[in-house]
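Sequence lines set the chain letters: A, B, ... in the order given, protein chains first and strands last, and positions in each chain run from 1.
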Amino acid sequence: MRWSKCGFHLPLVAIFCCALPLLPAAQYQPQNAAPQTVGPQQTPSPPQQPGKAEPFVLVDPGHGGDDKGAVFSGRINEKDITLSLGRELHKKLEERGIPVKMLRDADVNISLDRRAELANEPHTALYIGLHAGLPGKGVRVYAPLLPSTESADGRFLPWDSAQMTSLERSRRLAQAVAKELQKRNIPVRMLASPLRPLNNIVPPAIAVELATDEGNVRSLESEKTQAAVASAIAAAIGQRRTSAGGQL
Amino acid sequence: LIPRHFQITIALLLLAILVSGILIIRLRHGEQARSESMAGPGPQPQTQGEIEHIRILVAYDDDLALRWRDAEVRLPADRTLRAREVLRAVLAQYQQRPSPHPLSSASDIRDVYMVGNDTLLVDTNAAFADQHPSGILLEELTLASLVESLKANVPGIDKVKFVVEGKERETLAGHADLQSFYETQAVDELAQEFE
């Protein structure tokens with residue numbers, strides 16, 4: 001009687017045993033599968049066109065969406081720091097009456113080429129890229145560093161050196177921002193860098209990076225620090241506008 | 001009712017299937033472990049050539065500087081192979097522990113290719129880019145030290161292009177440009193800011 005019951009279950013055990021060797025294959029299969037993209041919007045909409053053709057400052061908080069940028073102490077993402085700094089800069093520029101747009105104002109994926117395309121749309125007067133990184137202290141201001149200048153062919157600019165016509169103005173803007181930061185006793189270092197997408201942008205373009213050391217990453221989140229840096233950038237842009245007779 | 005001898009036979013058969021199933025699983029795991037270890041950095045072919053005393057530019061994260069350092073490297077006469085060994089000598093500095101500019105110990109230069117007389121295509125492995133610390137300066141210090149060391153030890157290279165596992169990438173780790181060609185003259189300008 002006992003054996004008869006076993007006999008009833010034996011075919012099930014046999015099927016299980018035969019299926020066992022197949023399990024590892026099923027287990028490893030997902031490793032080759034493409035990761036699913038969940039959450040953030042994949043294609044950003046371009047900045048809204050201004051009501052009238054008024055030049056504006058384009059603020060670009062670096063990274064976003066799946067691209068976290070640098071991750072500090074395993075919990076603070078560069079993309080979040082750049083977004084809060086970007087919003088602060090937007091506020092400071094608006095307070096000064098300077099037209100401004102955010103290239104991203106949410107946690108979205110935007111490729112570097114797309115950022116450059118959006119920056120090259122009409123009426124962008126200045127591009128300010130924002131970053132945060134280790135190591136160091138204070139702020140680093142980057143002007144573009146171009147490969148030896150290719151000559152523009154007719155109306156077209158080479159993508160890799162689209163910045164060539166504005167390089168000098170970008171350097172002057174970087175110097176002005178560095179000067180304003182120094183006035184506020186914020187340690188600053190000015191550098192030239194082949195940082196994307198600066199070289200692909202036609203109008204004057206710079207990048208501003210909040211710098212900190214590993215042991216002091218909380219300073220990146222400090223509202224006071226971000227407000228001081230945003231205020232310095234806005235002041236430099238304000239002076240530039242004043243010296244250019246109200247033009248950005 | 002099923003006869004007892006038949007039940008015993010079935011039971012033995014099932015036991016045999018179970019044992020062979022377990023054996024197959026173990027064999028598969030063993031084979032996979034072997035193939036994974038083969039995929040990693042295996043023994044490198046011995047480099048031919050004389051041991052030379054060269055200078056390489058090394059990044060220091062502590063004070064954000066680039067400094068020349070002496071190194072003894074076996075360098076082949078062939079220009080392309082020489083370039084690869086110079087790059088590996090720089091990476092070796094970053095793979096020591098402690099390192100002035102720590103990079104993953106799995107980072108490697110897969111190969112280098114001369115394009116014409118003055119352009120070098122550097123093919124790195126995935127670990128070099130995937131495990132590189134993210135940050136504008138950290139990335140640029142790596143690239144500047146590699147390009148400047150190449151320029152100092154393999155004359156005639158004017159442009160350097162980096163690819164990862166044979167494919168183009170936008171950036172090294174989110175910041176430094178990997179799509180453009182690095183001109184040694186422009187990198188000089190960048191490196192001087194840190195020397």
Side-chain angles (χ1 to χ4, degrees), chain A residues 1-4 6-8 10-11 13-25 27-28 62-63 67-72 78-79 111-113 129 131-136 140 142 145-148 159-161 189-200 207 209 211 213-214, chain B residues 1-4 6-8 10-11 13-29 31-32 60-64 101 133-141 143-144 158-159 170-187 189-190 192-194:
Chain A
M1 189 68 180
R2 209 172 154 194
W3 275 103
S4 299
C6 284
F8 177 74
L10 281 176
V13 176
I15 291 166
F16 176 72
C17 291
C18 293
L20 265 180
L22 301 175
L23 280 176
Q27 187 185 343
Y28 297 124
H63 311 283
D67 174 13
K68 294 177 184 171
V71 179
F72 310 103
E78 185 184 357
K79 65 173 184 176
S111 73
L112 293 169
D113 281 341
H131 289 273
L134 299 174
R140 289 187 279 263
Y142 297 90
L145 177 69
L146 290 180
S148 64
W159 183 250
D160 287 341
S161 52
R189 188 167 178 182
M190 218 192 104
L191 297 157
S193 164
L195 172 70
R196 293 200 70 213
L198 295 186
N199 287 359
N200 314 122
E209 182 190 33
D213 287 316
E214 190 71 62
Chain B
L1 286 178
I2 302 167
R4 174 165 287 205
F6 188 67
Q7 290 176 344
I8 292 169
I10 297 252
L13 272 171
L14 288 173
L15 189 67
I17 291 169
L18 182 68
V19 169
S20 60
I22 291 167
L23 275 174
I24 288 170
I25 289 168
R26 292 187 68 171
L27 280 171
R28 280 193 180 200
H29 276 279
E31 198 175 329
Q32 194 189 4
Y60 289 80
D61 293 349
D62 285 348
D63 51 356
L64 297 176
H101 180 73
S134 179
I136 299 175
L137 270 196
L138 296 176
E139 293 169 44
E140 284 178 2
L141 286 175
L143 297 181
D158 294 334
K159 289 180 187 174
E170 276 197 321
T171 61
L172 176 53
H175 301 90
D177 186 5
L178 284 196
Q179 281 200 327
S180 308
F181 284 77
Y182 278 82
E183 292 190 2
T184 51
Q185 203 178 337
V187 177
E189 196 184 320
L190 175 68
Q192 278 165 16
E193 293 177 334
F194 298 99

Verify the distance criterion only: is there a donor paired with an acceptor across the side chains of B:Glu170 and A:Ser111 at less than 3.5 Å?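 Looking only at side-chain atoms, A:Ser111 and B:Glu170 do not form any donor-acceptor pair under 3.5 Å.
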So, B:His175 and A:Glu78: side-chain donor and acceptor under 3.5 Å apart, yes or no?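 Yes, side-chain donor-acceptor contact under 3.5 Å.
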Evaluate the side chain to side chain contact (heavy atoms under 4.5 Å, CB included) criterion for residues A:Leu191 and B:Phe194: first the C-alpha distance (whole Å), next the side-chain angles of each, then the deciding distance (0.1 Å), finally the verdict. CA-CA 10 Å; A:Leu191 297 157; B:Phe194 298 99; 3.8 Å; yes
Output for pair (B:Ser180 OG, A:Asn200 CG), nearest 0.5 Å, gives 6.5 Å
Could you grab the distance from atom CG of B:Asp177 to atom CG of A:Asn199, nearest 0.5 Å is fine? 7.0 Å
So, the part of A:Leu145 with a heavy atom under 4.5 Å from chain B: the answer is side chain
Please classify the contact of A:Asp113 with chain B as side chain, backbone, both or neither, using a heavy-atom distance under 4.5 Å.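 For A:Asp113, the contact with chain B is made by backbone and side chain together.
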What part of B:Tyr182 lies closer than 4.5 angstrom to a heavy atom of chain A: side chain, backbone, both or neither?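 Contact with chain A is through the side chain of B:Tyr182 alone.
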Non-hydrogen atoms of chain A under 4.5 Å away: do they reach the side chain of B:Glu189, the backbone, both or neither? side chain
Quick check: are there more than 12 heavy atoms from other residues, nucleotides or ligands sitting under 6.0 Å from CZ of B:Phe181? no
Evaluate the side chain to side chain contact (heavy atoms under 4.5 Å, CB included) criterion for residues A:Leu112 and B:Thr171: first the C-alpha distance (whole Å), next the side-chain angles of each, then the deciding distance (0.1 Å), finally the verdict. CA-CA 9 Å; A:Leu112 293 169; B:Thr171 61; 3.4 Å; yes
Any heavy-atom pair between the side chains of A:Arg140 and B:Leu64 that's under 4.5 Å?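 They are in contact (side-chain heavy atoms under 4.5 Å apart), so the answer is yes.
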Does any part of the side chain of B:Glu140, heavy atoms only, come nearer than 4.5 Å to the side chain of A:Pro194, both counted from C-beta? yes
Checked A:Gly136, A:Ala211, A:Gly133, A:Pro135 vs chain B; the most non-hydrogen pairs under 4.5 Å come from A:Pro135
I need the residue from A:His63, A:Met190, A:Lys68 with the largest number of non-hydrogen atom pairs under 4.5 Å to chain B. A:His63
Among B:Ile136, B:Leu137, B:Leu138, who wins on heavy-atom pairs under 4.5 Å with chain A? B:Ile136
Closest heavy-atom contact between A:Arg189 and B:Glu193? NH2-O, 3.0 Å
How far apart are the closest heavy atoms of A:Gly69 and B:Ser134, and which atoms are they? C-OG, 3.6 Å
